[in-house]
2 protein chains.
Amino acid sequence: MVQALSQQGYRVTGPRRALVRLIADRKVRFTAADLEEDVASATPAVGRATVFRTLELLLSLGLVERVHTEGERRDAYVVAEGLHHHHLVCSQCGVVTEVMGCMVDDLVSSLAQAADFQVEGHWMEIVGLCSRCREAGSLE
Amino acid sequence: MVQALSQQGYRVTGPRRALVRLIADRKVRFTAADLEEDVASATPAVGRATVFRTLELLLSLGLVERVHTEGERRDAYVVAEGLHHHHLVCSQCGVVTEVMGCMVDDLVSSLAQAADFQVEGHWMEIVGLCSRCREAGSLE
DNA sequence: TTTACTGCAAACATTTTGCAGATGT
DNA sequence: ACATCTGCAAAATGTTTGCAGTAAA
């Protein structure tokens, strides 16, 4: 990620390094506030604005993605793993599993065809319990 | 809609009537701000707070739905047409077409099964050009 | 040495809330 | 009558921006 920054001509600064380190191997979605909190205990002097600006930068480079959550006010992000895909989001632990969308793409085009619609893009998200949380739940 | 309100024991007031009238046959997504603006020219004295409170009420009754839009800061809504379904949203005119989700449901369950995931819900939205906008575009 | 980047604080935009008064039922 | 609903204005959230100083390159 850091490499990607410098390759694109952006400066590799302390705050960016710190944030990227915190983001890089997150497997769960996170918000700007999450990062702000985490960076505060790791590298005290990184400001709110920088968190937002860095996220926007990473977003524009395609290194992270913004994801929606029904009923959630603030934006959430996930590390972008590859090309087009979809998310399975655990409602308990927040883990995001990615699913390549070959079948989804087919479905999308057939639905669109039926409605005489020219597809520009699509978005799909499945919410539920991941296997770990389901098992943990059934033990109680 | 008005009927649904009174049946559920909510009062049918002037502001609610005015808002429902503005919402009822919208075929495009709208935001709280849109409504606020429209209601201002129709029935001057309806406040911001009432717009939000009424939307929340209609939402809780399942009469409208909240929809996301990538990169959109404020919440948007559409009139809820039936049970579970998905949206085709025109990026040009904003018209929302609903698609019943039988095939989507199947797909969702097979994806989830592969990932050992217990589905609680899913969300899908397709963005593109509706047939009308596509035709209009090709005439230019 | 240059100019992109940063922190801070103030500005913004949207949504929520407290409250006294208006209004359906 | 009485509780629900309303407008207003203030508060709460979440994000963006202006600016003077800092630090990559």
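Numbers restart at 1 for each chain; the letters A, B, ... are given by sequence-line order, proteins then strands. Computed from a predicted model, the values in this text were never measured in an experiment.
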Backbone of A:Gln3 reached by a side-chain donor or acceptor of A:Ser6 within 3.5 Å: yes

Distance test, side-chain N/O of A:Arg74 to OP1/OP2 of D:dT13, below 4.0 Å: no

Sugar-phosphate only, base, or nothing, as touched by B:Ala45 at under 4.0 Å among non-hydrogen atoms: sugar-phosphate

Closest heavy-atom pair and its distance - B:Val79, B:Ala24: CG2-O, 3.9 Å

Sugar-phosphate only, base, or nothing, as touched by B:Arg11 at under 4.0 Å among non-hydrogen atoms: base

Residue-phosphate contact under 4.0 Å: B:Thr13 side-chain N/O, D:dT6 OP1/OP2: yes

Backbone N/O of A:Val51 and side chain of A:Thr54: donor-acceptor pair under 3.5 Å: no

Side chain to side chain donor-acceptor pair (under 3.5 Å) partners of A:Asp38, counting only residues at least two apart: A:Arg26

Whole-Å distance separating the CG atom of A:Leu58 from the P atom of C:dC5: 12 Å

Close residues, residues 1-10 of chain A, relative to DNA chain D [heavy-atom separation under 4.0 Å]: none

Distance, rounded to the nearest Å, where A:Leu19 contributes CG and C:dC5 contributes C1': 13 Å

Atom pair distance, as rounded to whole Å: CD in A:Glu36 and P in D:dT16: 13 Å

Separation of atom CZ in B:Phe52 from atom C1' in C:dT17, rounded to whole Å: 13 Å

First encountered from the 5' end of DNA chain C, between A:Gly47 and B:Ala33: A:Gly47

Between P of D:dT13 and CG of A:Asp75, the distance in whole Å: 17 Å

Heavy-atom pair of closest approach, residues A:Val64 and A:Tyr77: CG2-CD2, 4.2 Å

Side-chain (A:Arg16) to main-chain (A:Arg11) donor-acceptor, under 3.5 angstrom: yes

Closest nucleotide among C:dA9, D:dC8, C:dT6 to the A:Pro15 side chain: C:dT6

Any B:Arg16 side-chain nitrogen or oxygen under 4.0 Å from OP1 or OP2 of D:dT6: yes

d(CG, A:Leu59; P, D:dT15) in whole Å: 12 Å

Gap between atoms CZ and P, on B:Arg17 and D:dT4 respectively (whole Å): 20 Å

Sugar-phosphate only, base, or nothing, as touched by B:Arg48 at under 4.0 Å among non-hydrogen atoms: base

Whole-Å gap separating C1' (C:dT16) and CG (B:Leu57): 16 Å

Hphob cluster co-occupancy, B:Leu58 + B:Val28, side-chain heavy atoms under 4.5 angstrom: no

Phosphate OP1/OP2 of C:dT14: any A:Arg73 side-chain N/O under 4.0 Å: no

